[in-house]
Amino acid sequence: MSDQLYTLWQQARDICMEFARYDGGRTMEKGEPMKSMEQDLMHLLGFLSKSDGFCNIDEVVWLNRFFRTHLTTKDFEEYIAANGLEEETFAETVPRVFELCAAAESSMPSMSTECLSKTRQIYRLFKEAGEEMIAASGTPLDQELKAFSRYFETVRNYIISKESPCFGMNPGEERTREDRSSFTEPDEKLAGLLKELDDMTGLCGVKREMHSLIDLMKMRNLRKRNGLKLPPMGMHLVFTGNPGTGKTTVARKLAQMYKELGILEVGHLVEVDRAGLVGGYMGQTAGKVKEVVESALGGILFIDEAYTLTNSKQEGDFGQEAVDVLLKMMEDHREEFIVIVAGYPDLMEGFLSSNPGLRSRFNKFIFFEDYKEDELLSILKSMLASADYVLEDSAEEKARTVIRNLRLKSGKDFANAREVRNLMDRAVTNQAGRVMRIPCSSIEEMMLIKAEDLTEE
């Protein structure tokens with residue numbers, strides 16, 4: 001248990017005794033806040049421990065050190081089962097201690113501002129205790145992180161929703177952003193970037209992978225702050241998928257998120273392809289690669305169609321030299337930048353197999369699925385709206401048909417959102433020709449895209 005957590009624990013115990021004293025026994029039994037806090041905290045830790053399907057011995061050791069108990073793993077599992085902590089609905093129930101905070105505060109309105117900070121201290125105790133316990137067993141599993149998020153989302157929402165003096169407000173008083181920020185994650189900008197990612201059309205699998213990756217990085221930061229060892233982890237990534245599936249956009253957002261986490265110093269994205277790395281004559285390639293890498297320090301170097309560096313066997317091709325120099329630069333500037341290589345799944349497999357050093361450095365794959373028909377239509381409407389155009393309701397079926405035909409004609413070469421962008425460009429051009437023939441056209445006519453504007457070529 002860290003010194004910071006021990007301090008929070010002592011402060012929370014003092015707060016519980018103070019709540020009971022001010023309440024005067026009117027709404028709770030003597031000692032109930034303390035008893036409830038200890039029980040609720042034990043329940044939280046049991047819920048987190050069992051969320052991945054089993055109790056880890058390292059977590060039980062940490063728990064015993066925290067509560068100064070002597071539970072065995074079997075004891076803890078029986079406690080979890082007896083209290084229903086394996087149920088997913090547990091995370092949707094507000095802990096009793098926070099309800100008691102509200103009850104106690106109603107009897108001490110003159111202390112409202114002070115109590116606001118005290119309530120937050122108890123919240124912080126629960127949060128940091130949960131973080132430390134799941135960190136004790138090594139790299140946390142996705143199930144643990146999701147359980148953690150669900151539990152504290154319930155608590156935050158309850159606290160924010162309370163319009164009472166308990167939380168420093170009078171009933172009906174409007175909450176300010178500052179009120180809410182105290183109960184949101186401290187990395188508010190990171191949360192905003194994750195929301196931007198979640199708001200993107202489709203990419204369900206990619207979003208899950210990104211959230212898991214960010215949770216893992218946050219836990220590594222937490223372990224580092226608490227003096228725990230960090231298991232070795234490769235930071236470089238492989239994005240596989242067809243063109244136009246959002247790989248560059250997601251890479252850019254990841255660079256920004258890594259900056260907020262302190263992993264990258266600048267958080268920018270440098271996008272390059274074969275032409276930006278490979279020279280046309282001997283001696284030119286190494287310089288180009290070094291220049292590109294230096295421009296990416298502090299951020300992410302995104303190499304699109306990376307397989308083109310190694311798929312040529314012609315004499316005088318310097319693609320392999322580019323790979324060799326890149327690998328050396330990755331070693332020389334370890335932890336200063338991250339490389340993401342991207343391309344078609346099968347061709348990227350060949351790229352990684354071309355050099356043992358590549359395979360060892362890129363061991364995390366994220367697959368970008370093709371967009372579905374409905375998703376492509378949604379992307380088209382979003383693109384039009386961002387440019388002050390509107391797709392006529394009766395034109396939606398035509399748009400869907402054009403998208404379907406483009407997909408069939410292109411086959412495996414269908415470029416997803418890029419094809420939609422081209423479709424939009426043709427529609428805007430066709431619409432301009434149509435509207436310019438209308439005398440005194442209105443703003444509505446200048447914005448409207450009709451079925452006749454949508455063409456495949």
Checklist entry - What's the verdict on salt bridge (charged side-chain N to carboxylate O under 4.0 Å, His left out) for Glu92 and Arg150, showing C-alpha distance, side-chain angles and the deciding distance? => result CA-CA 7 Å; Glu92 301 167 6; Arg150 290 203 319 274; 5.7 Å; no

Item to check | Check: Leu44 and Pro95 side chains under 4.5 Å, non-hydrogen atoms | outcome: no

Next on the checklist: Less than 4.5 Å apart, side chain to side chain, heavy atoms only: is that true for Met330 and Phe337?
Outcome noted: yes

Next on the checklist: Could you go through Ile366 and Val238, starting from their C-alpha distance and side-chain angles, then the distance that decides it, and tell me whether this counts as side chain to side chain contact (heavy atoms under 4.5 Å, CB included)?
Outcome noted: CA-CA 6 Å; Ile366 297 178; Val238 181; over 6 Å; no

Next on the checklist: Assess the residue pair Leu277 and Leu309 against the criterion (side chain to side chain contact (heavy atoms under 4.5 Å, CB included)); give the C-alpha distance rounded to whole Å, side-chain angles, the decisive distance to 0.1 Å, and a yes or no.
Outcome noted: CA-CA 9 Å; Leu277 296 171; Leu309 294 172; 4.2 Å; yes

Item to check | Between Asp75 and Thr72: side-chain donor-acceptor atoms closer than 3.5 Å | outcome: yes

Next on the checklist: Let's go through Glu59 and Ser49 carefully: what are the C-alpha distance in whole Å and the side-chain angles of both, what is the deciding distance for side chain to side chain donor-acceptor pair (under 3.5 Å) to 0.1 Å, and is it a yes or a no?
Outcome noted: CA-CA 7 Å; Glu59 293 172 343; Ser49 179; 2.8 Å; yes

Checklist outcome for this item: Closest non-hydrogen contact found for Gly298 with Leu264 is O-CB, 3.4 Å

Checklist outcome for this item: Interatomic distance, CG@Asn56 vs CD1@Ile134, rounded to 0.5 Å, equals 11.5 Å

Next on the checklist: Using a 3.5 Å distance criterion without hydrogens, assess whether the side chain of Lys195 forms a donor-acceptor pair with backbone atoms of Leu190.
Outcome noted: no

Item to check | Criterion side chain to side chain contact (heavy atoms under 4.5 Å, CB included) on Val325 and Lys288, from CA distance to verdict | outcome: CA-CA 10 Å; Val325 176; Lys288 293 185 75 170; over 6 Å; no

Checklist outcome for this item: The reported gap from CE in Met348 to OG1 in Thr310 (rounded to nearest 0.5 angstrom) is 8.5 Å

Item to check | Full working for salt bridge (charged side-chain N to carboxylate O under 4.0 Å, His left out) between Lys127 and Glu131 | outcome: CA-CA 6 Å; Lys127 189 168 181 294; Glu131 288 176 340; 3.0 Å; yes

Checklist entry - Would Phe239 and Phe365 satisfy ring pair (Phe, Tyr, Trp, His ring centres under 6.0 Å), going step by step from the backbone distance to the final call? => result CA-CA 6 Å; Phe239 284 3; Phe365 289 70; over 10 Å; no

Item to check | Rounded distance (nearest 0.5 Å) linking atom CG of Leu203 with atom CZ of Phe368 | outcome: 6.5 Å

Next on the checklist: Counting C-beta onward and ignoring hydrogens, is there a side-chain heavy-atom pair between Lys259 and Gln256 closer than 4.5 Å?
Outcome noted: no

Item to check | ring pair (Phe, Tyr, Trp, His ring centres under 6.0 Å) between Tyr79 and His43, intermediate numbers included | outcome: CA-CA 9 Å; Tyr79 177 85; His43 284 182; 5.8 Å; yes

Checklist entry - Any side-chain heavy-atom pair from His236 and Lys364 closer than 4.5 angstrom? => result no

Checklist entry - Looking only at atom types and distance, does a side-chain atom of Asn416 sit under 3.5 Å from a main-chain N or O of Asp370, one as donor and one as acceptor? => result no

Checklist entry - Given the rule in the side chain to side chain donor-acceptor pair (under 3.5 Å) test, do Thr69 and Asn64 qualify, once you have shown the distances and angles that lead to the verdict? => result CA-CA 5 Å; Thr69 53; Asn64 283 328; 2.7 Å; yes

Next on the checklist: For Glu196, I'd like to know if atom CD has over 12 heavy atoms of other residues, nucleotides or ligands within 6.0 Å.
Outcome noted: yes

Next on the checklist: I'd like to check Met383 versus Tyr389 (side-chain heavy atoms, cut-off strictly below 4.5 Å). Are they in contact?
Outcome noted: no

Item to check | Flag for Thr248-Asp304: side-chain donor and acceptor within less than 3.5 Å | outcome: no

Checklist entry - Side chains of Leu41 and Phe126: does their closest heavy-atom pair fall under 4.5 Å? => result yes

Next on the checklist: Checking side-chain polar atoms at under 3.5 Å, does Thr245 have a donor or acceptor matched by the opposite partner on Lys247?
Outcome noted: yes

Item to check | Side-chain heavy-atom pair Leu301, Val272 within 4.5 angstrom cut-off | outcome: yes

Next on the checklist: Closer than 3.5 angstrom, by distance alone: can the side chain of Asn83 be matched with the main-chain N or O of Ile80 as a donor-acceptor pair?
Outcome noted: no

Next on the checklist: Looking at Glu457, I'd like to know if its CD atom is crowded, meaning that more than 12 non-hydrogen atoms belonging to other residues, nucleotides or ligands lie closer than 6.0 Å.
Outcome noted: no

Next on the checklist: Determine whether Asp273 and Thr308 satisfy the following criterion, side chain to side chain donor-acceptor pair (under 3.5 Å), listing intermediate values before the conclusion.
Outcome noted: CA-CA 8 Å; Asp273 57 13; Thr308 60; over 6 Å; no

Checklist entry - Got a sec: does the CD of Glu373 have more than 12 other heavy atoms crowding it under 6.0 Å? => result yes

Next on the checklist: Does Lys398, at its NZ atom, have more than 12 non-hydrogen atoms belonging to other residues, nucleotides or ligands within less than 6.0 Å?
Outcome noted: yes

Item to check | Test salt bridge (charged side-chain N to carboxylate O under 4.0 Å, His left out) applied to Lys74 and Glu77, step by step | outcome: CA-CA 5 Å; Lys74 183 180 179 182; Glu77 288 180 336; over 6 Å; no

Next on the checklist: Set out, in order, the CA-CA distance, both residues' side-chain angles and the distance that settles side chain to side chain contact (heavy atoms under 4.5 Å, CB included) for Phe47 and Glu87, then state yes or no.
Outcome noted: CA-CA 8 Å; Phe47 171 67; Glu87 302 295 330; over 6 Å; no

Checklist entry - Does the side chain of Asp374 reach to within under 4.5 Å of the side chain of Arg400, using non-hydrogen atoms? => result yes

Checklist entry - Taking atom NZ of Lys328 as the centre, does the number of heavy atoms from other residues, nucleotides or ligands within less than 6.0 Å exceed 12? => result no

